[in-house]
Asks: 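The structure under discussion is supplied below as structure tokens; questions concerning it will follow.
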Amino acid sequence: MPPHQSRRTMIADLKGRGPKSAVLCGYIRRIRQTKSTTFVVLHDRSGTIQVVADPALIKGAGLRAESALEVEGLAREDPRAPGGIEFDAAEIRVLNQAADDLPFNSVSRLDDLSPELVINYRPLAMRTERGGAIFQIEAALAQGFRAALIKRGFTEIFSSKIVANATEGGTNLFPIRYFDRAAYLAQSPQLYKEYGVAAFERVFETAHVYRAEPHASSRHLCEYYSLDLEMGFIEGVRDLIELEREILSEIFAEIRARFDKALALFDAYLPELDGAPTWTFDDCLARLRAAHGRDDLTDDLDPAAERQLCAIAEKECGVAAVFVTAFPLASRPFYTHPAADGAHAEGFDLLLRGVEVTTGGKRLHRRADLDAALQSRGINRSGFENHLRMFDFGMPPHGGLAIGLERLTCQVLGLKNIREATAYPRDLNRLQP
RNA sequence: GGGGUCGUAGUUCAGCCCGGUUAGAACGCCGGCCUGUCACGUCGGAAGUCGUGGGUUCAAAUCCCAUCGGCCCCGCCA
């Protein structure tokens, strides 16, 4: 432990230890004054405690919520204190005074504030119980993804986010200047994941990806965090669906256990995905026609259909999630492996609680097939020569999937806007903080 | 990108339709009082270029036009 921390005791370590003199460091959550006593609710990363101080001790110190303090004193049990333990302050040092015009504080309800304000003051918002839990749970989801895959023999890769070509389609990339050449921010690690398969069979990457689509919606960002995996020697899309079922169930179980208390602050939903059905795109259309009389969908689902399908799945199978397979091939990227009928894709989406959180599928693994796919889509093959070469050394049959981390966090916690699960969102208008 | 809606103290809002005294409230902030609070209570105070620019009018937070921004829905996707 570094010397400057050696005197400090974490608040959580005071519980059940009897009277103990200590130095606490933390933030003020609340101040309550009476004539004889001032109560300061002090919070550190481990917990919260009521500090009891003589008014003379803090007279003129101008204590305010959110200020950073160091408090020296004695912890003791007291039935009058919240939590049964409190801290008698002998000395209080203000390490940094908070401003007197903060728009909210760490005990505010973020729901009562404008979303914009919450983003502009993100670190302060994260100091609230609920606002902090969102990002701790998001971190746990990403960490759970990595742990589940490492356990299954996947190797983590770190691909460049500066690329020369589009991987999915050419219209939605952010162009950047790379010295005297044109380059783009990567919209997906797709091609690099496939190279990873050629080397390691199973790889994953978690990183930001960039989409220059000027959409204004509650579930899109120009920069989002993608949980990506790719695996070799698969037989079909079922291998991928079963893998995702397993790892998500595993991650959700871990989060239910670890964030037991925090989850109560949300409309949380972390189901076992064993029961989630797998329906083909045509099955879905039939169900939507039967349940909602819809006959307006042809090549893709719309947001209303995604909500309706999850509701149907919940009713039929008890889980508000659906794996949708066999989308029409034309709506999928060039590297998509067709299903046996040639018209549909050997791919899938996972709809969770009404929103698409995953897209995955089997990829073309033979150079000639990729070449033909590029040609039939009218994509200029000259930029892909180097890419196609990577398929010349025994690229196995393979496939993979990508989960949008912020979307997953939203769906799991019942958040309404993806910006709630994005610390520093990038959208059409926002570039700061 | 299309449609809808909103922008007034630090914050959340009322006022706008039907233009007219010093633009209000709650919370927060500052100060006083209060034998231990725990959303403490209580008394007082400070705090607003009414998003921005233009127009109509004797007079604009209020009406008109433009512009910028927020939120919701759609398109598209993770």
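Just so it is clear: chains get the letters A, B, ... in the order the sequence lines come, proteins before strands, and each one is counted from 1.
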Asks: Do the charged groups of A:Glu205 and A:Lys193 touch, with an N to O distance under 4.0 Å?
Replies: no
Asks: Is A:Tyr224 touching bases, backbone alone, or none of the nucleic acid, heavy atoms closer than 4.0 Å?
Replies: base
Asks: Which value, in whole Å, describes the distance between the P atoms of nucleotides B:A23 and B:A47?
Replies: 13 Å
Asks: How far does the P atom of B:G7 sit from the matching atom of B:U12, given to the nearest Å?
Replies: 12 Å
Asks: For A:Leu227, which contact category applies under a 4.0 Å heavy-atom criterion: base, sugar-phosphate, or nothing?
Replies: nothing
Asks: Can you tell me the base-pairing partner of B:G48? Count Watson-Crick or G-U wobble geometry only, both distances below 3.5 Å, and say none if there is no partner.
Replies: none
Asks: CG of A:Leu240 versus C1' of B:A78: gap in Å, rounded?
Replies: 16 Å
Asks: Nearest nucleotide by nearest heavy atom, which residue falls closer to the 5' end of RNA chain B, A:Lys416 or A:Val357?
Replies: A:Lys416
Asks: Scan A:Pro103 against the nucleic acid and name what it touches under 4.0 Å (heavy atoms): base, sugar-phosphate only, or nothing.
Replies: sugar-phosphate
Asks: Can you figure out which of B:U37, B:G70, B:G36 approaches the side chain of A:Val52 most closely?
Replies: B:G36
Asks: Do the non-hydrogen side-chain atoms of A:Ile241 and A:Thr325 ever get within less than 4.5 Å of each other?
Replies: yes
Asks: Of the nucleotides B:C29, B:G70, B:G36, which one has an atom closest to the side chain of A:Asn429?
Replies: B:G70
Asks: Is A:Arg307 close enough to B:C74 that one of its side-chain N or O atoms is under 4.0 Å from OP1 or OP2 there?
Replies: yes
Asks: Between the side chains of A:Glu201 and A:Arg152, is the shortest nitrogen-to-carboxylate-oxygen separation below 4.0 Å, so that they form an ion pair?
Replies: no
Asks: Assess whether one donor atom and one acceptor atom, taken from the side chain of A:Gln50 and the base of B:U37, lie less than 3.5 Å apart.
Replies: yes
Asks: Tell me what A:Ser108 touches on the nucleic acid: a base, only sugar-phosphate, or nothing, going by heavy atoms under 4.0 Å.
Replies: nothing
Asks: Counting Watson-Crick and G-U wobble pairs only, both distances under 3.5 Å, name the nucleotide matched with B:C34, or none.
Replies: none
Asks: So is the aromatic ring of A:Phe39 stacked onto the base of B:G36, judging by whether the centres are under 5.5 Å apart and the planes are under 30° apart?
Replies: no
Asks: Please give the nucleotide sitting opposite B:U56 as a Watson-Crick or G-U wobble pair, both distances under 3.5 Å, or none.
Replies: none
Asks: Looking across every strand, which nucleic acid part, if any, lies under 4.0 Å from A:Glu306 by heavy atom: base, sugar-phosphate, or nothing?
Replies: base
Asks: Is A:Ser114 near enough to B:U11 that one of its side-chain N or O atoms lies under 4.0 angstrom from OP1 or OP2?
Replies: no
Asks: Would you call A:Asp13 and A:Lys20 a salt bridge, using N to O less than 4.0 angstrom?
Replies: no
Asks: Measuring only the C1' atom in each nucleotide, how far is B:C77 from B:C18? A whole number of Å is fine.
Replies: 48 Å
Asks: Can you tell me the distance, in whole Å, between the CG atom of A:Leu173 and the P atom of B:C77?
Replies: 14 Å
Asks: A:Leu102 has an atom CG; how far is it from atom C1' of B:U12, in whole Å?
Replies: 16 Å
Asks: Side chain of A:Lys35 only, heavy atoms from C-beta on: which candidate in B:G10, B:U37, B:U35 is closest?
Replies: B:U35
Asks: Could you state the CD-P distance from A:Glu116 to B:C68, rounded to the nearest angstrom?
Replies: 16 Å
Asks: Less than 4.0 Å between a side-chain N and a carboxylate O, is that true for A:Lys416 and A:Asp267?
Replies: no
Asks: Between B:G53 and B:C13, how far is it from one P atom to the other, in whole Å?
Replies: 24 Å
Asks: By nearest nucleotide on RNA chain B, pick out whichever of A:His220 and A:Glu86 is the more 5' one.
Replies: A:Glu86
Asks: Using atom CD of A:Gln97 as one end and atom P of B:C29 as the other, report the distance to the nearest whole Å.
Replies: 12 Å
Asks: When we call it a touch if two heavy atoms are under 4.0 Å apart, what does A:Asn105 touch: a base, just sugar-phosphate, or nothing?
Replies: nothing
Asks: Is any side-chain N of the basic residue among A:Asp427 and A:Arg430 closer than 4.0 Å to the acidic one's carboxylate O?
Replies: no
Asks: Can you figure out which of B:G36, B:C29, B:A78 approaches the side chain of A:Ile418 most closely?
Replies: B:A78
Asks: Quick check: any donor-acceptor pair below 3.5 Å linking the side-chain of A:Arg64 to the base of B:C30?
Replies: no
Asks: Sort out the partner of B:G1 for me: Watson-Crick or G-U wobble, both distances under 3.5 Å, none otherwise.
Replies: B:C74
Asks: Do A:Arg127 and A:Tyr27 meet the cation-pi criteria used here (NZ or CZ under 6.0 Å from the six-membered ring centre, within 45° of the axis)?
Replies: yes
Asks: What nucleic acid atoms does A:Arg109 come within less than 4.0 Å of, heavy atoms only: base, sugar-phosphate, or nothing?
Replies: nothing
Asks: Does the side chain of A:Ser218 get closer than 4.0 angstrom to OP1 or OP2 of B:C73 through an N or O atom?
Replies: yes
Asks: Whole Å only: how far is the CZ atom of A:Arg30 from the C1' atom of B:G36?
Replies: 16 Å
Asks: Reckon A:Asn172 has a side-chain N or O less than 4.0 Å from the OP1 or OP2 of B:C77?
Replies: no
Asks: With a 4.0 Å cutoff (strictly under), does any side-chain N or O of A:Thr34 reach OP1 or OP2 of B:C34?
Replies: no
Asks: Could you check how far CD1 of A:Ile31 sits from C1' of B:G41, rounded to whole Å?
Replies: 17 Å
Asks: For atom P, what is the distance between B:U11 and B:G51, given to the nearest Å?
Replies: 13 Å
Asks: Counting the atoms with a prime plus P, OP1 and OP2 as sugar-phosphate, which does A:Pro303 contact under 4.0 Å by heavy atoms, base, sugar-phosphate, or nothing?
Replies: base
Asks: Mind checking who B:U11 pairs with, Watson-Crick or G-U wobble, both distances under 3.5 Å?
Replies: B:A26
Asks: Considering only the C1' atoms, how many Å lie between B:U8 and B:A61, rounded to the nearest integer?
Replies: 7 Å
Asks: Verify the contact: side-chain N or O of A:Asn417 to OP1 or OP2 of B:C72, cut-off strictly under 4.0 Å; return yes or no.
Replies: yes
Asks: B:C71, B:U37, B:C29: which one has an atom nearest the side-chain heavy atoms of A:Pro82?
Replies: B:U37
Asks: Under a 3.5 Å cut-off for both contacts, is B:C17 paired Watson-Crick or G-U wobble with anything, and if yes, with which nucleotide?
Replies: none
Asks: Looking only at the side chains, is there a donor atom on one of A:Tyr224 and A:Arg426 sitting less than 3.5 Å from an acceptor on the other?
Replies: no
Asks: Roughly how many Å apart are B:G31 and B:C68, using the C1' atom of each and rounding to a whole number?
Replies: 40 Å
Asks: Given atom CG of A:Asp427 and atom C1' of B:A78, what is their separation to the nearest angstrom?
Replies: 16 Å
Asks: Assign A:Leu113 to base, sugar-phosphate, or nothing according to its heavy-atom contacts below 4.0 angstrom with the strands shown.
Replies: sugar-phosphate
Asks: Does B:G69 pair with anything, Watson-Crick or G-U wobble, both distances under 3.5 Å, and if so, with which nucleotide?
Replies: B:C6
Asks: Any salt bridge linking A:Arg93 with A:Glu72? Criterion: basic side-chain nitrogen under 4.0 Å from a carboxylate oxygen.
Replies: yes
Asks: Suppose you measure atom P in B:A59 against the same atom in B:G15; what distance do you get, rounded to whole Å?
Replies: 26 Å
Asks: Can we say A:Glu316 and A:Arg287 salt-bridge, meaning some charged N sits less than 4.0 Å from an Asp/Glu carboxylate O?
Replies: yes
